Amino acid sequence: MKLLEVLIERKANALNRPFSYIYNKEKPLEAGYRVLVNFAHKNIVGYVIKCEECGKSVEQLEEEMGFKIGEVIDVLDDKPLLNKELLDLSNEIASYYLSPLISVLQTMLPTSLKPASASLKGPKIAYDTYVKLIKDDETGLTPKQIELVRLLRSSGRILKKDCKSPSIVNKLYEKKIIDFEKEERTRLEIPEYKKEHKKDLTEEQQNAVDSILKTDKTVTLLQGVTGSGKTEVYLTLSEMVLAQGRNVLMLVPEISLTPVMVEYFQRRFSGDVAILHSDLTPAEKYDEYRRISRGDCHVVVGARSAIFAPLDNIGLIILDEEHTESYKQDSLPCYHAREVAIMRAKHFNSKVILGSATPSLETKARALKGVYHLASLPNRINKQELPKTTIVDMSKAYSFSRESSMFSKYLIEQLRNVLERKEQAILLINRRGHSGYITCRSCGHIIKCPNCGIALTYHRHDNMLKCHHCGHVELNVETCPECGSKYLSRSGFGTERIVDEVKKLFPSARVLRLDSDVGEVRNNIAKTVEAFSNQEADILVGTQMIAKGHDFPNVTLVGIVLADIGLSLPSFRSTERAFQLITQAVGRSGRASKVGQAIIQTFNPYHYAITLGSKQNYEAFFNKEMSVRKVAQYPPYTYLTSLEIIGKNEEMVVDIISKISRDISNQNFEDVSVLGPVEPFISYENNNYHRIILIKYKKYDKIQNYLREILESLKNKSQIKVKVNVDPYDF
Ligand code: ADP
Ligand code: ZN
Ligand code: ZN
């Protein structure tokens, strides 16, 4: 008999520990397999972390442990889900991010392989069935049957579904003339592109490649201005790594950017590329995951979670636009793909390339300190000039005309020029939907989300009100739910409203919208990007999604309709974000032979994020922002971990978190300070109260061990949830 420790799908804090089960059947079972067990009168899927022969009887065990031990109902796998490297990685992530191992496993594995009950209904392997000849003998066959036998003789094998008559196939099968052969089929179709040869590198690109090959540091920051040809550097290094027989993991910050990057890699390494991101169907993901595990492809392209691709023998991991916040997951485990990349690179002794025009302050600081190697591409390809930028002060009435309250006179004039020249323009507004919020002009009521209390955004295309935080949706209202007044006003504007404005001002212009609403229908994002690339539209209106990565050669004007949205967020990172967004957006303009321009509309025309962003002056911004961070003691000068307690009983939540805060302070750790407890940005959600503390420190090990003890001590408190975020992106 075997005694097991099994992790189960975690719902409550109290379940955050393994449970004991016994196993007494034939089928082999070891750690790393999934099993079906009964827990609280339900059959659920668990993950075995320990499996040992046990000489005792069930009665003896139950006597010793003092409770009844359940028996495994079924074994679900025939080999461990993760290989040694990935298993070690899951433990390392659980340990660094102070997260339950089960949550790490749930994140690492595709839906259908998760140790979760839902996986039982997940996709299964799809097969193609082929017909092949096993006895070449025509005696006694009908002419039709002989026809098929001869066809098979000349062509080897044929797909069963391609054979015209099933009855002939079945007859021949009965006569043991033919047999069936099953072969796994992948459901994702990755387009084939004409193979492309590599470009001659510019001197700058060549120097960057050489220095990356030479350095003995694991991580390189590849800092290159927008349009400097970073992709070509990625491709060149990938080619070298593949030639050594090692594999490449290429991460992009957003799903919308995968098709573009896949195309680059497919053109260069055709047939050798797999794709992993959350927009694949579970079946496609399952197939790709298995294709990668089997070693059938040597390049994986994908968004954040692709960092867990079961790729072996990795020689190079690339994170494009490394500063992007989407590389950080904000639910448990709150991992950052960059840190996971470094963990994996250490195992394989491989290189990590972090590419960006606007590296995160942390990464740049590490590169300047020599922790990372720094390679730079300071000029655009062909030495094109950076776009000319104009900052428009939105607080000045003279900037605007009667024509529009959203677009300044200058922006309208330049849009008109672009349309006349048959070029393209991008308009960026970092808010989706139509209007930011709806207020009642009679009683002042603001319509808010019932779950989390933040203002609902009006979406015109489906006439709904949506919460951009929790996803709550409700029907739009005609009258105020508080006082019944029908005088409601819509304030603030988002992508939909900008589209309306463009249509009003330029009725003949062709307009496309790109934001995550568009992404609700699968493949729509890729289609929109492609349509704009093919110049099927003149103006693209979108959120930050359009600011990143895309290379649209005919775009000569970028308008940032309101640059301030990011600046007002309550976070130490808000200025950095605003700067990055402006720089990236401005960089979309004038990338090919035509000179581009950018117009930035703002209420803060003298803010350094805006002035330096408009000039794409990263170095000056870095120096200025570093001094701000130093005074306020924020990263990269300190490290942060936040700890959040969530529960239905507000008093209990406050008590628990206050005690934790006091306990940490009382430890008198060197260079550790605690802020809070405070109410986080979303302080009440789905009838749960949230309170949070922020821990600042210089060295992680001591505080990490202490936090682990705290979490251990909270394990039996079933009425609360704990969320720890190590290196939170915002605070
Ligand atoms: P980045 O990612 O740094 O913003 P890209 O990699 O998109 O820049 O490159 C910008 C443009 O320059 C692309 O159209 C690309 O095809 C082109 N390009 C890159 N390297 C070269 C090269 N060595 N020779 C010619 N064109 C190049
Ligand atoms: Zn009202
Ligand atoms: Zn909400």
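Along the sequence shown, residues are numbered consecutively beginning with 1. Remember, it's 1-based here, ligands and their atoms both numbered in the order they're listed. Just so it is clear, the model here is predicted, and its values are computed rather than measured.
Between I314 and R246 there is no side-chain heavy-atom pair separated by less than 4.5 Å. Inter-residue side-chain proximity for M240 and V209 is flagged as met; some heavy-atom pair is nearer than 4.5 Å. Counting only heavy atoms from C-beta outward, the side chains of M261 and D320 approach each other to under 4.5 Å. Side chains of R338 and V352 form no contact here, defined as non-hydrogen atoms less than 4.5 Å apart. Using a 4.5 Å heavy-atom cutoff, the side chains of K466 and L456 are not in contact. Between I582 and I560, the closest side-chain pair of non-hydrogen atoms falls below 4.5 Å.
At a heavy-atom distance under 4.0 Å, atoms from both the backbone and the side chain of T231 approach ligand 1. Under 4.0 angstrom from ligand 1, there are no non-hydrogen atoms of L377. Contacts with ligand 1 closer than 4.0 Å are made by backbone heavy atoms (N, CA, C, O) of D200 only, the side chain lying farther away.
Below the 2.8 Å limit, the Zn ion (ligand 2) has as protein N, O or S neighbours C440 SG, C443 SG, C480 SG, C483 SG. Atoms of the protein (N, O or S only) found under 2.8 Å from the Zn ion (ligand 3) are C449 SG, C452 SG, C467 SG, C470 SG.
For a threshold of 3.5 Å applied to N or O pairs, the pair formed by I381 and ligand 1 contains no separation below that value. Ligand 1 has a nitrogen or oxygen under 3.5 angstrom from a nitrogen or oxygen of K230. The shortest N/O to N/O separation between E232 and ligand 1 does not fall below 3.5 Å. Below 3.5 Å of separation, one finds an N or O of G229 facing an N or O of ligand 1.
With salt bridges taken as basic N to acidic carboxylate O contacts below 4.0 Å, none links E254 and R304. Between K364 and E625 there is no salt bridge, since no side-chain nitrogen of the basic residue lies less than 4.0 Å from a carboxylate oxygen of the acidic one. Using a cut-off of 4.0 Å between Lys/Arg side-chain N and Asp/Glu carboxylate O, E530 and K527 are scored as not salt-bridged. A salt bridge links R691 with E650: the closest approach of a Lys/Arg side-chain nitrogen to an acidic carboxylate oxygen falls below 4.0 angstrom.
Distances below 4.0 Å separate heavy atoms of T226 from the following atoms of ligand 1: 4 (O).
Aromatic ring orientation, H336 versus Y327: tilted (interplanar angle from 30° to 60°).
With V233 as reference, L377 is the one residue of I318, L201, L377 to meet the side chain to side chain contact (heavy atoms under 4.5 Å, CB included) rule.
The backbone N or O of S360 lies less than 3.5 Å from a partner atom in the side chain of E322, making a donor-acceptor pair.
Note on ligand 1: V225 sits in its first shell, one or more heavy atoms being nearer than 4.0 Å. At least one heavy atom of S228 sits under 4.0 Å from some atom of ligand 1.
For the pair R431 and F493, the NZ or CZ position fails the cation-pi test of under 6.0 Å to the six-membered ring centre and within 45 degrees of the ring normal.
Of the listed options K199, E203, Q205, K199 places a heavy atom closest to atom 27 (C) of ligand 1.
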Please lay out, stage by stage, how Q584 and T358 fare under the test side-chain hydrogen bond (donor to acceptor under 3.5 Å, both in side chains).
CA-CA 8 Å; Q584 296 288 335; T358 54; 3.2 Å; yes
